[in-house]
Structures are given as structure tokens and as C-alpha cells.
There are 2 protein chains.
Amino acid sequence: MARAGLTTERVARAGADLADEIGLERVTLSEVARRFEVKVPSLYSHVRSSDDLRAQIALIALQEMADLAASAVAGRSGQQALVALGHVYRDYGRDFPGRYDATQVRLDAETAAASAGPRHASMLRAVLRAYDLSEDEQTHAARLLGSVFHGFVSLERSGGFAHSTPAPQQSWEHILDSLDAMLRSWSARHD
Amino acid sequence: MARAGLTTERVARAGADLADEIGLERVTLSEVARRFEVKVPSLYSHVRSSDDLRAQIALIALQEMADLAASAVAGRSGQQALVALGHVYRDYGRDFPGRYDATQVRLDAETAAASAGPRHASMLRAVLRAYDLSEDEQTHAARLLGSVFHGFVSLERSGGFAHSTPAPQQSWEHILDSLDAMLRSWSARHD
DNA sequence: ACCCCAAAACTAAGACCTATAGGTAATTGC
DNA sequence: GCAATTACCTATAGGTCTTAGTTTTGGGGT
């Protein structure tokens with residue numbers, strides 16, 4: 001009965017890796033236990049439930065994405081920051097599909113507030129600071145950017161862009177370019 | 001053992017209703033069987049598996065949304081069509097959350113091709129016809145619109161816009177308005 | 001009316017997954 | 001080196017999915 005050295009952290013990380021390998025919906029406590037060569041009930045000292053495991057995976061993913069996003073926008077502004085941020089989300093969705101899916105699980109209000117979610121919101125606002133928008137317009141713009149980033153990654157992953165040309169990569173670059181142009185003209189249009 | 005009158009159609013519809021009531025992830029064959037006052041194995045004459053049930057729900061949702069979208073864009077063009085289409089997706093996501101979630105399940109290529117998915121793509125293209133775009137630009141634009149529509153609905157549903165003002169409704173209108181303006185200027189910018 | 005038979009629904013059973021309760025062994029701190 | 005904590009275990013119960021094989025039902029042909 002040599003100890004496996006489980007912690008909430010390690011269990012959640014194993015769950016996240018598993019999600020990327022086999023898909024989030026197939027992540028089970030049983031499979032995680034198998035990975036650690038441990039019996040299922042042992043996991044309950046570290047996660048409260050199967051749903052809790054998924055929430056922990058979501059927290060990991062949100063934090064990892066926020067860290068990458070922070071690096072990407074550091075030292076950049078305007079279009080450069082916008083493009084860099086966009087690439088972070090798309091790349092993360094491609095490289096860590098299970099983790100990315102986890103970011104869509106519903107967290108209770110308290111957990112969500114303590115997550116890296118607010119960091120994402122503030123990063124969007126940081127990027128938008130270059131565009132001279134009013135308070136409300138900045139909110140609208142942040143919601144638009146969030147929608148485009150998430151929507152594109154989600155649709156690309158679910159195969160919505162398959163079987164059509166040109167390659168999604170081209171659309172992505174074009175879209176980021178267009179968003180920049182749109183934001184530039186926003187304050188002008190809505191004065 | 002009075003017959004319950006099950007069909008693939010009725011089972012799938014019950015699953016869809018259930019998804020809206022209790023959430024897609026909690027839709028189980030057991031629960032559907034309970035609704036029909038039938039034993040679980042009886043369902044296997046009508047759906048191949050639990051995953052198949054979810055796929056059937058997705059097909060229903062895609063078709064219902066496509067029908068609503070077709071009605072919305074009929075007799076409209078340009079900005080009016082764009083706004084109407086946007087409202088269809090957002091309203092559907094609000095009114096039928098379980099069905100909407102089902103539209104994100106991965107369908108195998110064959111099923112996807114036979115689904116209403118392509119109708120959605122062609123409807124986006126129909127709306128874009130008013131904007132005088134090249135073939136490739138139309139594709140980019142369709143992907144952008146799809147991303148914004150899906151992304152906004154998805155984020156709003158997962159609580160991403162909660163706890164902040166102004167109301168998402170205002171952002172939505174502003175965003176649709178801005179997309180129209182963007183598309184108008186697209187062909188000019190990319191000549 | 002009756003019979004027949006196709007298909008609608010059932011029972012039985014095995015494999016997994018989640019979760020709780022309560023026990024044993026190993027590490028930590030004194 | 002001992003006590004106490006805690007990491008991990010066994011046992012168990014209940015739920016879901018799926019397949020195999022069986023019974024029942026109701027409509028169509030004679």
C-alpha cells in the first residue's frame with residue numbers, strides 16, 4: 001500500500017491531461033484512479049465528486065489560459081495585442097481540447113468569482129484601452145471579442161468549418177484584422 | 001404491457017424536452033424510459049445508444065433552428081436579415097437551452113452532412129449576399145457571423161456576462177449593428 | 001372471426017461509474 | 001519511538017448502459 005501521493009492539485013491535473021487525451025465527457029473518477037493505480041474512493045479525499053473534478057479541471061484551464069494571455073498581451077497594445085490574444089485562445093483550444101471544453105462547465109457564483117475568469121475579462125479590457133471607447137462601449141466590445149474568440153474556437157473544434165475552403169487559419173487572421181478595424185471606427189461611429 | 005407507442009421521433013423529442021428541463025448532461029435513457037413508463041431496453045429499438053439519443057436531439061435542434069432562421073430571413077435582406085437571424089439564435093439559446101447545447105455535440109461526418117447544418121451555412125451566405133463580398137470573403141464573413149452568434153449565446157448562457165452592466169441585450173443590438181457596418185466596409189477595405 | 005407473425009416491450013444479466021461508511025496502514029510531529 | 005493524523009483501503013449500495021433472449025400485442029390476410 002505504498003502511497004501514491006495524491007493531492008487535489010495532482011488529481012485535477014491528471015483529470016485535465018485525461019480530458020485532452022480522451023475527451024472531457026469520458027473523464028471519470030475510475031479512469032483517474034486507474035492512472036494513479038489507486039482505488040476510486042481514495043480520490044474522495046481530494047475531490048468532492050465527479051462534478052467537482054470537472055470544476056477543478058475548468059479552474060486549471062482558465063488559469064493556464066489567463067497566464068498565456070497575460071504573457072501575450074504584455075508589451076503589446078492595439079492590433080498587436082488583439083491578434084496575440086486571439087491566437088492564445090485559438091491555440092489553446094487546438095492544443096488542449098479537453099481543458100478548453102472544461103472552461104464551459106458551469107461554476108457556481110462563488111467559484112467563478114475566485115477563478116481566473118475575471119482575469120480574462122480584465123485582459124480584454126486592457127486590450128481595448130487602446131481603442132478610445134466609452135465605458136459602455138468597452139463592455140460591448142469586450143463581449144464581442146469574447147464571443148468571437150470563443151465562438152470561433154468552438155465551431156472550429158466541432159467541425160463547423162471542415163469541408164470548406166479557404167483554411168480556417170486565413171479566416172482567423174482576416175477576422176482579427178477586421179475586428180481591429182471595427183474597433184478603430186467604433187468611437188467615431190457612435191459619437 | 002400496453003404499448004407506449006414509441007418511435008425514434010418521439011423518443012428523441014422527449015429527450016430534447018428533457019434536456020431543456022434538466023440540462024443535456026442529465027438526459028439519460030433511464031430518465032426518458034421513466035417518462036414513457038417503459039423499461040430502458042425498450043428504447044434500444046428506437047435509438048442505438050445513449051450517444052445516439054444525444055445526436056438525435058442535436059438533429060432536432062439544428063432543424064428547428066434552421067426552420068426559424070429561414071422564416072426570419074424570408075423577405076428580408078442586408079441589416080434587417082442579419083439582425084433577424086441573430087435574434088433567432090439568441091432566442092433559441094434562451095428558450096431551449098438543452099436543445100441548444102445539443103447542437104454542440106460532435107456528429108460523424110455522414111450524419112452532419114445529412115443534418116440541417118448545411119442549411120445554416122447557406123442561410124448565412126444568403127444574408128451575406130447583400131454585402132457584395134468575394135467568394136473567399138463571404139466564407140470569412142460567414143465564419144465570423146457564426147462565431148459571434150454561437151459565442152455570444154454560449155457565453156451568455158454560461159454566465160460570462162452576468163454581474164456586469166449594461167444588460168446583454170444592449171450589447172447584442174450594438175454588436176449586430178456593428179457587424180452590419182463592418183460588412184458594408186469590407187469589400188472596400190480589401191480590394 | 002381467427003390466426004399469425006412482425007415488432008414492441010419485457011426479463012435477466014454483466015460491466016461500469018458514483019458515492020458513503022468504516023477499517024487499516026503509513027507518515028508526521030513531538 | 002509513540003500518538004495522532006491522514007492517506008488509502010475494503011465493502012457495499014444504487015444508478016446507468018448495453019446485449020441476449022423471451023413474451024406479448026395488435027394489425028393484415030385468409
Side-chain angles (χ1 to χ4, degrees), chain A residues 1-60 98-99 101-102 104-108 111, chain B residues 1-60 98-99 101-102 104-108 111:
Chain A
M1 204 189 288
R3 296 202 174 180
L6 302 182
T7 65
T8 300
E9 186 70 19
R10 298 209 331 133
V11 169
R13 198 169 303 281
D17 292 345
L18 202 51
D20 290 330
E21 291 171 33
I22 66 176
L24 183 65
E25 70 286 348
R26 264 176 282 194
V27 172
T28 66
L29 292 176
S30 297
E31 189 58 40
V32 172
R34 235 168 265 135
R35 295 261 163 146
F36 282 110
E37 294 181 325
V38 140
K39 302 298 176 183
V40 178
S42 305
L43 299 176
Y44 280 84
S45 305
H46 308 286
V47 294
R48 279 194 303 275
S49 66
S50 183
D51 278 355
D52 184 40
L53 172 61
R54 262 176 272 279
Q56 298 292 338
I57 296 172
L59 293 179
I60 287 176
R99 280 167 155 88
D101 281 347
Q104 293 176 64
V105 315
R106 284 189 177 279
L107 303 174
D108 59 89
T111 308
Chain B
M1 206 189 286
R3 297 201 174 181
L6 303 182
T7 65
T8 299
E9 186 71 19
R10 298 212 325 136
V11 169
R13 198 168 302 282
D17 293 344
L18 202 51
D20 290 331
E21 291 170 32
I22 66 176
L24 182 65
E25 70 287 348
R26 264 176 282 194
V27 172
T28 67
L29 292 176
S30 299
E31 190 58 40
V32 172
R34 237 168 263 136
R35 293 260 163 146
F36 282 109
E37 294 183 324
V38 138
K39 302 298 178 182
V40 178
S42 305
L43 299 176
Y44 279 82
S45 306
H46 308 287
V47 294
R48 281 195 302 275
S49 66
S50 183
D51 278 355
D52 184 40
L53 171 60
R54 261 175 273 277
Q56 297 291 337
I57 297 173
L59 293 179
I60 287 176
R99 281 167 154 87
D101 281 347
Q104 292 177 65
V105 313
R106 286 189 176 279
L107 303 173
D108 59 88
T111 308

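Naming: A, B, ... by sequence-line order, numbering from 1 per chain. Keep in mind that what you see is a predicted model, and the values were worked out from it rather than measured. Only this structure's heavy atoms are used, side chains among them; waters, hydrogens and symmetry mates stay out.
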When the distance from CD1 of Ile22(B) to P of dG15(D) is rounded to whole Å, what number comes out?
-> 15 Å

Sequence neighbours left out, what pairs pass side chain to side chain donor-acceptor pair (under 3.5 Å) with at least one residue falling in residues 23-32 of chain A?
-> Glu31(A)-Arg34(A)

Partners meeting side-chain hydrogen bond (donor to acceptor under 3.5 Å, both in side chains) with Thr7(B) (sequence neighbours left out) = none

Short side-chain N/O contact from Ser42(A) to OP1 or OP2 of dC9(D), under 4.0 Å = yes

Taking all non-hydrogen atoms of both residues, which atom of Ala102(B) and which atom of Ile57(B) are closest, and how far apart?
-> CB-CG2, 3.5 Å

Would you kindly give the CD-to-C1' distance between Glu25(B) and dT16(D), to the nearest whole Å?
-> 15 Å

All heavy atoms of Leu29(B) vs all of Tyr44(B), minimum pair found to be CD1-OH, 3.4 Å

Base, backbone or nothing for each nucleotide of nucleotides 15-22 of chain C, written B, S, -, heavy atoms under 4.0 angstrom, 5' to 3'?
-> --SBBB--

Here the pair of heavy atoms bringing Gly98(B) nearest to Asp20(B) is N-OD1, 2.8 Å

N/O (side chain, His46(B)) to phosphate O (OP1/OP2, dA9(C)) under 4.0 Å = yes

Round to a whole Å and report the spacing from CD of Glu37(A) to P of dC9(D).
-> 10 Å

Atom of Ala19(A), atom of Arg99(A) and distance for their closest heavy-atom approach = CB-N, 4.3 Å

Roughly how many Å is it from NZ in Lys39(B) to P in dA13(C), rounded to a whole number?
-> 15 Å

In whole angstroms, the gap separating C1' of dT19(D) from CG of Asp52(B) amounts to 16 Å

